[in-house]
Amino acid sequence: MKVLVITSKDGPNLFIENAVKELAARGHEISIYAEFLDDTSIRMFQPLMVPIYPLRKLSNKSARSFDVIFCPVQSIRNTLFLNKYVFSYCNMNPAFDHVRGADFVFTLGELQEPYERTFSYMPVGMPKNDTAVCEAGADSRRILVIDSGHFPFAESGKKQVAGMVLEMCRKFPENEICVKPRWLPETDPQAMTHISLKHLYEYIDELCEGRRPENLNLLMEHLDLQELIDGSRSVVTLCTTAYLDVALRGKGLVVAKGFDNEDMYQVRGDYFDRVYAYAEDSGCVVDYHDVCRHLPDGITCRPEHLTDTFAYTTGASARVAEVMEYIYDHYLEYDLYPSIDAYRYESYREKIQPDPQVTMETLKRWRMYCTVESVVALNRSISPVIDWTAFIQGQKALCKQAAANKQGLKDLRTKLQAMKYRYIIDHAEQLRSNEIDRSFYFAALFYQKKYEELLAFLDSGERAHCVVQYYCGLVFYESGDLGQAAECLSRYLDEVRSRDYLKYFVEDVSYKRPGIVSLLDCYYRQGNLEALTRLLLYYLNDQSFKVVSITEQKHYSEMIKSAKEYSRSKGDKNSLSQLQEKNKQMLEWTKRKIKTKIKQKIDHEGILGCAKAAVKMLCKFMHARTAPIYKKVRGILGRKLRHCWYVVGNKFGWYDQDQKELLTWKNRFLGQSCIIIGNGPSLQAKDLEALQAKGYSCFSANKIYKIFDQTSWRPDFYACTDHLVFNQNYRDIFKYISCPLFLHFGFKKKSKSSNFPGLTKGKEICYLKYFYHKGRIKFRPDCKIILSGGSVTFVLISLAWMMGFRNIYLIGCDHNYGAFAGQKTGNSIDPGAGINQDYFAKNYMKPGELINVGDLEKATEGYRIARKYIERHGGHLYNATRGGKLEVLERVDLDKLLEESQENLRKDMLDDIQEP
């Protein structure tokens, strides 16, 4: 047979190593396609002297030359659409693990859970133990400690393991204490089964303060585990299947328990409880405090424990090779497939039969089922507090209906993820008692676009969950609220950095990278160069973020350029040199990625495919360069055309729905007086309460809700036309403002978005046709079109006049912005904390929030034009502000105004009203 072997990470590969060697020894031609090409992952196959290719070179075309495929179950996802029969080995212990696989699965022992008949299986034992036992270790003075690599998931637990090792060194000075690491200290985290950023050796060095005991041997290379076990007097293991390797080879064994361990999303704490509970039957499990009492000889494992665990204790590799040969010779060679069933090695020849209903399409669908089962990750990620029976039935039904191709798999994953999130939300109450379980509930809210419910957890008053911070940060970022986004994402990142393992799934690089990229963009757009520089150095030093996509290259270059200028201005030579070096590396990584993509295209699609890819890449590059120009031109033309349309419509009496709704307010308050509230520092809560007692109608704008905690007064009308104010504060606006809202028509899409159904529920909103024109101001009494008058106060004056108010008083309009001194009008800036001196509240602007630089000259001209029109038509526009610099309006004393009666003012006006 020509056997195609597809490999995974080192753990699964070690289980198939001897089976592959057995196939090669029988004369079968072996070719290996490796998903991970690092020495740690493929070291066990290098002595075979067989070709090892990168997995990216594997395609249906290259697979045609092979007869069968053999792989660990972790690599099933790489065989999905290959038209060859797959033999896989599952290294999960059926006693406490969920066994999966395709098309024919070899297992350690009998399945303990109901057999679903989505694959054939046969218990064969553990091929890893097929190496001949070496008796050389009988008189050895070595005590071997096998590190699990990731367990326990806690700094305190790791220190307990390190302390146990050092205690062994002190208690047994005549013995060599040899530590076999799961991964070497310099291993790339992405090659680890479960990422652990701090190595056991580091904890040992910390505890012994760098003075390692002379009898301590910390291995710095990967050696054969079976040879190490055979050459040792006894072996100490943690919560791993390595204890079975030791027991099978008849060595003295101690399985240490009792370490501090934290729950994490990939391997839940109850999993380790099940493993230890199962291992108790061996008679070798003891508390880590008592390990030394059972050394140096260890404890002999109970033989019954091994027979209960394994179908066979030796000879698994030969069984695997023999069964593969038999099925190929009798069925696969004739394009027949064996029936899907459970087989026993002793009787499989009699039981196995060809099944015409089993086709390659059927097998591909069950491979897809195996793959999406791990993608959905129910059994290992979410505590078993939910009954998943109904979900699993629906999952099977969808798999049977799915097309057996890449698009079918993509659609299936999308449907299953949506179904999973709905299922989680329906069972939310059962998940609230556990932090890890809650994290999946928060993800379900995000992906089901229930943003309002998700954001409620941010405002609940308690410390927000790490996953809540992550997803809320992304929500704020997409909505343009950069200040809130930066705050949430920075808190998320601080918590991620505080751990040396991945507790929540959002700490994985596939989630962390979008979070960091969004945070970098927030800092860059806010002009927070100090935070940008600090985060860039972290980002570029992290091995997880080596490759930057070509489309992001320009944006990153601009960020790094800004950070370098900041470091140079601060005289920080260290940061400057690091940024320059990392910028060079980033360019090299990008070039390398381009070359890799070209090679991949040539391997898969030939020269023609490569040429198509080059054209596509060129088009993408040109689009990236021209898109900003096109967008700007389109925006300008769109605004001009919309304005022309509304002007023509106004002339001929054409109204759209928004204008019709606005006109329902016309002259509702004819002859009455009103107050327009500015947000200047002269605004006082006591004045607002006095106005409320007198019965004045009040107009307000922007962040007036910041004064609500000081008074029971509330506005009667509210307006907002500034994009920055709305995008950064729309949640607070809809939360605190209960009166009718008059908003820029550009906010309509976000206000009516299905992502925030509860925010605008029950709100009365009118949308204004508001346009900004430099130097052009015109007071339009019907408000069908409002041209910018330099401030939102001009909009409020226009609305008040349209509604029929004829005595209009301004308070809180100080008309002075000290923080804008020296700034260019129209720019968006982060003014810093000093801007709050120009407003009534010390917390008016949040840290990092942007603001548009106001145009005081235009605002002054706007007040003058409004006053001229209003007085010409029988009305009055007064400035009742306490102090301030607005002098183009007639001033009145606010205290005297508060003594006047609303009814008296109305009677005085009715006789003099002249309609426009």
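Residues Gln837 and Tyr844 have side chains not in contact (no heavy-atom distance under 4.5 Å, counting atoms from C-beta outward). At a threshold of 4.5 Å between non-hydrogen side-chain atoms, the residues Phe717 and Leu799 do not count as touching. Looking at Lys512 and Val506, their side chains never come closer than 4.5 Å, going by heavy atoms from C-beta outward. With a 4.5 Å cut-off on side-chain heavy atoms, Cys488 and Phe476 count as touching. At least one side-chain heavy atom of Tyr718 sits under 4.5 Å from a side-chain heavy atom of Cys720. With a 4.5 Å cut-off on side-chain heavy atoms, Ser518 and Leu474 count as touching. Contact of the Arg497 side chain with the Asp494 side chain is registered, since non-hydrogen atoms from C-beta on lie closer than 4.5 Å. For the pair Asp722/Tyr770, no side-chain contact is recorded, criterion being any heavy-atom separation below 4.5 Å from C-beta on.
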Step by step, work out the side chain to side chain contact (heavy atoms under 4.5 Å, CB included) result for Tyr524 and Ser562. CA-CA 8 Å; Tyr524 179 69; Ser562 299; 3.5 Å; yes
Salt bridge (Lys or Arg N to Asp or Glu O under 4.0 Å) evaluation trace for Asp658 with Lys748: CA-CA 10 Å; Asp658 293 336; Lys748 189 173 184 179; 3.2 Å; yes
Could you go through Val725 and Val792, starting from their C-alpha distance and side-chain angles, then the distance that decides it, and tell me whether this counts as side chain to side chain contact (heavy atoms under 4.5 Å, CB included)? CA-CA 11 Å; Val725 173; Val792 70; over 6 Å; no
Side chain to side chain contact (heavy atoms under 4.5 Å, CB included) between Phe771 and Ile786: does it pass, once the steps are laid out? CA-CA 6 Å; Phe771 295 93; Ile786 299 177; over 6 Å; no
Apply the test ring-ring contact (aromatic ring centres under 6.0 Å, His included) to residues Tyr470 and Tyr492: give CA-CA distance (whole Å), side-chain angles for both, the deciding distance (0.1 Å), then the verdict. CA-CA 6 Å; Tyr470 175 78; Tyr492 149 77; 4.9 Å; yes
When you look at Phe505 and Phe440, which way does the ring-ring contact (aromatic ring centres under 6.0 Å, His included) test go after all the steps? CA-CA 9 Å; Phe505 59 90; Phe440 291 98; 5.2 Å; yes
Would you sort out whether Glu487 and Arg491 count as a salt bridge (Lys or Arg N to Asp or Glu O under 4.0 Å), showing the intermediate values? CA-CA 6 Å; Glu487 184 179 348; Arg491 286 179 181 172; 2.8 Å; yes
Which is it for Glu565 and Arg568 under the salt bridge (Lys or Arg N to Asp or Glu O under 4.0 Å) test, yes or no, and what are the steps along the way? CA-CA 5 Å; Glu565 289 175 358; Arg568 191 177 288 111; 5.8 Å; no
Intermediate values then yes/no, side chain to side chain contact (heavy atoms under 4.5 Å, CB included), Asn702 and Asn729: CA-CA 9 Å; Asn702 295 347; Asn729 301 280; over 6 Å; no
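Pro715 and Phe708 make their closest contact through CD-CZ, 3.6 Å (heavy atoms, listed as atom of the first residue, atom of the second, distance). The two residues Leu850 and Met845 make their nearest non-hydrogen contact at O-CE, 3.7 Å. Scanning both residues, Gln469 and Leu458, for their nearest heavy atoms gives OE1-CD1, 3.6 Å. Counting all heavy atoms, side chain and backbone alike, Ala719 lies closest to Leu796 at CB-CD2, 3.5 Å. Scanning all heavy atoms of the two residues, the minimum distance from Ile765 to Leu743 falls at CG2-CD1, 3.8 Å. When all heavy atoms are compared, the tightest approach of Ile424 to Leu431 is CG2-CD1, 3.5 Å.
The distance from atom CZ of Arg438 to atom SG of Cys466, rounded to the nearest 0.5 Å, is 12.0 Å. Rounding to the nearest 0.5 angstrom, the gap separating the CZ atom in Arg534 from the OG atom in Ser567 is 11.5 Å. To the nearest 0.5 Å, atoms OG1 (Thr711) and CG (Leu688) are separated by 6.0 Å. The structure places CD of Glu452 at 8.5 Å from CZ of Arg731, a figure rounded to the nearest 0.5 Å. How far OH of Tyr523 is from CG of Leu536: 11.0 Å, rounded to the nearest 0.5 Å. Rounded to the nearest 0.5 Å, atoms CZ (Arg714) and SG (Cys739) are 10.5 Å apart.
No hydrogens or angles considered: nothing links the side chains of Asp481 and Ser479 as a donor-acceptor pair under 3.5 Å. Looking at Glu262 and Tyr501, their side chains do bring a donor and an acceptor atom within 3.5 Å of each other. With 3.5 Å as the limit, one finds a donor-acceptor pair spanning the side chains of Asp521 and Tyr477.
No donor-acceptor distance shorter than 3.5 angstrom exists from the side chain of Asp814 to the backbone of Asn816, with no hydrogens or angles considered. Put simply, the side chain of Lys503 never gets that close to the backbone of Asp263: no donor and acceptor are under 3.5 Å apart. Panel note: side chain Asp716, backbone Cys698; a donor-acceptor pair is recorded below 3.5 Å.
Classification of the His150-Phe153 ring pair by plane angle, with boundaries at 30° and 60°, yields parallel. Taking the six-membered ring where tryptophan is involved, the planes of Phe446 and Tyr451 are tilted, since the angle between them lies from 30° to 60°. Phe442 and His465 have perpendicular rings, their planes meeting at more than 60° on a 0 to 90° scale where under 30° would count as parallel.
Under the side-chain contact (heavy atoms from CB on, under 4.5 Å) test applied with Leu445, the options Phe457, Tyr421, Tyr471 reduce to a single match, Phe457.
Under 4.0 Å is where a charged nitrogen must lie from a carboxylate oxygen, and between Arg499 and Glu507 at least one such pair does.
Ring centroids of Phe747 and His744 are separated by less than 6.0 Å, placing the two rings close together.
No more than 12 heavy-atom neighbours from other residues, nucleotides or ligands sit within 6.0 angstrom of OH on Tyr736. Within a 6.0 Å sphere centred on NZ of Lys763, heavy atoms belonging to other residues, nucleotides or ligands number more than 12.
A cation-pi arrangement, defined by a distance under 6.0 Å to the six-membered ring centre and an angle within 45 degrees of its axis, is present between Lys769 and Phe745.
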